Amino acid sequence: MKRNWFFILLSLASQDRHGSAIMRDVLELTSGDLRLWPATLYGSLDELTSKGWIEEVSAEAERPEESERLRFYRLTARGRRELRAETKRLESLAAAARMRLAGDA
Amino acid sequence: MTPERPQGFTGALFRLWLRLLPGELRERHGVELEHTFAALLDEARDPLRRLGLTLGALGDVVRRAPGAWWRARRDAEMHGGAGMITELRFATRSALRRPAVSLLVVLMIALGVAASSAVFTLVDGLLLRPLPWPSSERLVHLNETAPSWNLEFTNINYPDFVVWRSGARAFEAMALHDQTSFNVGSGDRVSRIDGLTITREFLDVLQVQPVLGRPFTADEDAPGGPPVVAISEGLWQTQFGGALDVIGRTLRLDSEPRTIVAVYPRAAAYPSAADVWVPLAESPVTESQSYAYEGIARLRPGVTLEAAREDLLRAHAPAWEDHDTDRVVSPVVLPLREHHIGELRPMMLALVGAAALVLLIACANVASVMLARAVSAQREVGVRAAIGAPARRLAWQQIAESLVLAVAGAAIGSVVGLWCTSLLLAALPREAPPWLELGPSARVIGFVVAATIGAALLAGVAPMLQALRTSPQSALSATAGARASASVGQRRLLKSAVVFEIALATVLLVCGGLLVRAFDRLQQVDPGFRVDHVLRFQVILPEATYAPEAALVFHRALLDELQALPGVRSAGFVTCMPLTCHQGNFFEAETGVPRGADDQNPVVLTLASSPGYVEAAGIRMLSGTYFDASQFSEPDGVAVVNESFVRQFWPPDVNPIGQRVRFSGDDEARWIDVIGVTQDMRHYGLEEDARPTIILPASLQPRRGFGYVLHTGVAPISIVDEVRSTLRTLDPELPLFRVETAHDALAESLGVRRMYSWVLSVAAAAALVLALGGIYGVLSYVMGQRTHELGVRLALGARPAEISRLVLRQGALLTALGVALGTVGALFAARALAALLYGVSPGDPLTYATVVVLLCGAGAGAVLGPARRAARTNPQRVLRQ
């Protein structure tokens with residue numbers, strides 16, 4: 001899974017967010033490592049939407065105080081499965097890495 | 001709350017920047033992108049940090065743009081919209097639906113691209129591609145000039161070079177070089193190999209490293225130095241099997257053993273192909289009047305050509321004081337490329353012009369075909385517009401279609417072009433020098449791509465405008481069953497394309513015609529020597545085994561044997577056969593008009609020959625006699641001179657026979673009796689004027705090498721084997737080389753001219769065919785459009801002959817207009833060609849008249865078909881429709 005995708009899914013896992021909120025959240029999650037620049041961010045959001053891993057929240061219903069022109073995104077059930085599977089993969093990878101590095105310490 | 005958008009300059013910049021992204025994405029996310037950008041900027045107050053973030057965001061847009069466009073196109077296609085691929089597929093299908101027209105267009109573009117890419121490959125190799133040495137722009141050619149000797153280049157005198165070498169400061173290094181050749185024996189096969197004589201700085205100037213070994217040392221490049229040689233990689237492989245211990249081994253050149261000190265790469269083969277290099281080893285103190293070498297030098301970084309010239313002139317001053325107080329000879333510095341390409345420039349210009357014109361005509365032709373086709377497709381376009389296709393898309397389809405055709409044409413054209421390039425190269429008289437690289441480069445490929453896109457745009461722009469203008473109503477409301485017809489403006493456009501094509505074709509035909517005339521005139525020139533039934537070759541004896549006198553004895557013995565061969569009518573040898581080398585000297589006549597200090601002292605071509613030479617070579621005697629065997633050996637010597645010599649040395653009323661001449665500049669020189677006068681001969685080629693020439697008996701100037709001329713009664717080539725075995729019986733170590741017929745030698749000297757005259761004629765013929773195709777197509781089309789009108793006219797009583805006349809008149813008008821414009825253009829173009837015309841006037845009436853008649857006749861022929869068809873219009877059928 002692309003790194004961008006993983007962190008966007010991760011960001012949406014806790015709550016629905018709009019674009020710049022995702023950007024800020026991902027920046028915090030990675031302690032400033034991963035900056036999702038605007039064009040990259042919306043490109044990835046479109047890709048994930050077309051894969052069906054996330055979806056737009058109809059704005060009025062969920063966040064009436066924000067304009068309908070700011071789209072909120074939420075994780076779909078499929079997106080959550082994908083995120084879980086990727087997390088597993090990363091865990092086993094991390095475990096393997098720890099084993100190999102154990103001798104170094 | 002509306003999303004916050006970035007303010008001020010950065011905001012505007014970002015908004016503008018977003019235009020790099022496809023419209024769909026901007027429509028969907030434009031505001032959000034700006035919002036995110038504003039949020040991004042909010043993170044920091046520090047202006048530098050904000051600048052960093054702005055640049056990051058801008059860079060990101062650029063990075064994502066290609067992918068976004070690709071996705072947008074793909075999505076549009078998936079939803080049945082104008083995906084790029086659909087568009088191209090559609091265009092291809094549309095092109096295939098009319099195979100004849102499409103094939104025509106593809107072939108026309110292929111023709112244009114082939115011609116222009118072939119010529120551009122030549123231009124690229126000769127003018128644009130850097131020469132294959134490091135910082136080659138700093139390399140210059142050195143020579144000497146002597147206007148008062150009537151010589152543009154005298155070549156360099158060794159003592160002068162020594163003066164330059166020590167005095168000049170603008171040069172990193174300078175060297176002399178000279179072409180030479182050697183007999184090399186391996187087993188019982190003796191061959192002649194090409195070599196270069198160089199001074200020790202040669203590799204430094206070129207900045208070329210030896211593959212093995214080292215450059216020549218100062219010790220080796222001095223009289224009496226150790227006999228050494230450097231060999232080429234090719235010779236190293238073939239003769240020595242690439243052995244690493246080749247250094248120190250011995251190679252026998254002209255029977256003299258030389259120690260191999262280096263293997264040189266191909267890049268050291270300048271100016272001509274070479275298999276061996278030997279040091280020049282001349283003495284700087286020789287009181288030498290011999291101007292024999294060419295020079296090459298490398299300028300110091302930052303030194304201009306002008307500065308280098310001044311510097312060399314300053315450095316030359318001691319040479320003037322020492323041996324040239326009249327300052328007759330002065331140094332010349334030329335950029336290396338100019339030295340080699342200079343005389344080819346008019347030819348290159350002619351070829352480039354011709355190729356550009358053919359490409360233009362092809363494009364004009366394609367444009368008119370495409371326009372005619374777009375007009376007939378008007379109804380279809382109208383329907384599509386009516387059911388909602390946006391005009392922009394319809395226009396893009398026209399461009400896409402011509403792009404598909406142009407790409408197909410260019411693909412064929414560049415393959416044919418490559419083949420044409422090799423044809424052009426093969427047509428060159430001599431093998432191209434080894435350092436000249438010709439072939440597809442990035443620039444050539446770029447040129448072909450640019451030509452293709454240019455052709456597509458030229459061809460597509462008229463139909464595109466047409467599509468943009470099409471309104472659904474007018475296209476659909478055309479009368480029932482009607483075919484759309486061209487508007488007045490469109491017809492005018494079509495016709496002006498035809499006029500333009502005919503004008504360009506006229507220009508090319510005139511230029512081609514003038515060059516053919518010049519070539520023809522040149523071939524009528526009497527060379528002054530026999531061309532048919534003459535075999536020529538060279539025999540050079542090695543210094544190591546023959547003293548000069550022994551060499552002369554050998555050559556006379558060989559000549560006797562050759563004269564006795566069956567099939568040989570007469571034979572002779574000479575130092576320089578016609579069309580080969582030059583050896584110049586100064587002479588004075590005993591009773592001649594004394595020359596003033598400023599008068600030109602002509603350089604006299606000095607030949608030394610055997611008895612029987614003029615007879616064998618077919619040089620006519622005008623008066624007196626040629627020396628026979630007894631006069632040949634006369635110690636005081638006799639001489640035969642040519643007409644030009646007589647004109648330059650004696651007043652018209654003096655009979656030259658019995659006069660005496662001698663080498664000038666030496667009061668001790670012997671006076672020589674003139675016993676005969678020959679006609680002038682074109683020693684330097686048919687295009688060059690004859691020089692004053694003197695022929696002396698070879699006994700006065702003994703040489704080791706001579707050129708042999710055999711006048712044969714049979715086909716010259718058929719006796720080569722007998723000649724070779726004759727030579728072998730006298731000395732089995734000697735090779736026979738540069739064997740050729742005089743006919744071939746003359747043809748070779750005209751090779752470059754033949755090539756470009758031929759190329760230009762082919763281009764002119766292609767232009768003619770294209771232009772005739774254009775006028776035929778357009779008139780057929782225009783008349784086809786007027787079928788209805790013609791039917792009505794016929795029904796109302798017009799006679800078929802009148803209808804044909806109508807068409808013929810229209811065709812004649814277009815042709816006449818094109819020819820008239822083209823003639824004016826040709827007058828200008830021909831003036832640019834003047835340098836190549838060899839005395840044919842750029843306004844040569846015969847050529848112009850021929851071209852005008854040819855074009856008008858051919859134009860009438862092309863119009864005849866449409867005219868006859870128009871006259872045969874069946875009024876009943878037309879009116880019933």
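All of these numbers come straight from a predicted model, not from anything done at the bench. Computation of the quantities below employed the complete heavy-atom set of this structure, encompassing side-chain atoms and omitting hydrogens, waters and symmetry-equivalent molecules. Lettering follows sequence order; numbering is per chain, from 1.
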Inset, instruction - Could you pull out the closest heavy-atom pair between A/Trp37 and B/Leu53, with the gap in Å? - result: CZ3-O, 3.2 Å

Legend entry - Heavy-atom closest pair, residues A/Arg71 and B/His29: NH1-ND1, 3.8 Å

Inset, instruction - Pick one of side chain, backbone, both or neither for A/Leu27, based on which atoms fall under 4.5 Å of a heavy atom in chain B. - result: side chain

Inset, instruction - Determine the option with the most heavy-atom pairs under 4.5 angstrom with chain B, choosing from A/Ser20, A/Ser50, A/Pro38, A/Gly43. - result: A/Pro38

Inset, instruction - Compare all side-chain heavy atoms of A/Arg35 with those of B/Leu40 and state whether any distance is below 4.5 angstrom. - result: yes

Inset, instruction - Side-chain contact test, heavy atoms from C-beta onward, threshold under 4.5 Å: evaluate it for B/Arg28 versus A/Asp46 and give yes or no. - result: yes

Legend entry - Point-to-point distance, once rounded to the nearest 0.5 Å, from OG1 of B/Thr36 to CZ of A/Arg24: 9.5 Å

Inset, instruction - Report yes if the side chains of A/Leu41 and B/Glu32 come closer than 4.5 Å at any heavy-atom pair, otherwise no. - result: no

Legend entry - Residue selection (most heavy-atom pairs with chain A, distance under 4.5 Å) from B/Val61, B/Leu21, B/Leu25, B/Leu33: B/Leu33

Inset, instruction - Below 4.5 Å from any heavy atom of chain A, which atoms of B/Ala57 appear? Answer side chain, backbone, both or neither. - result: both

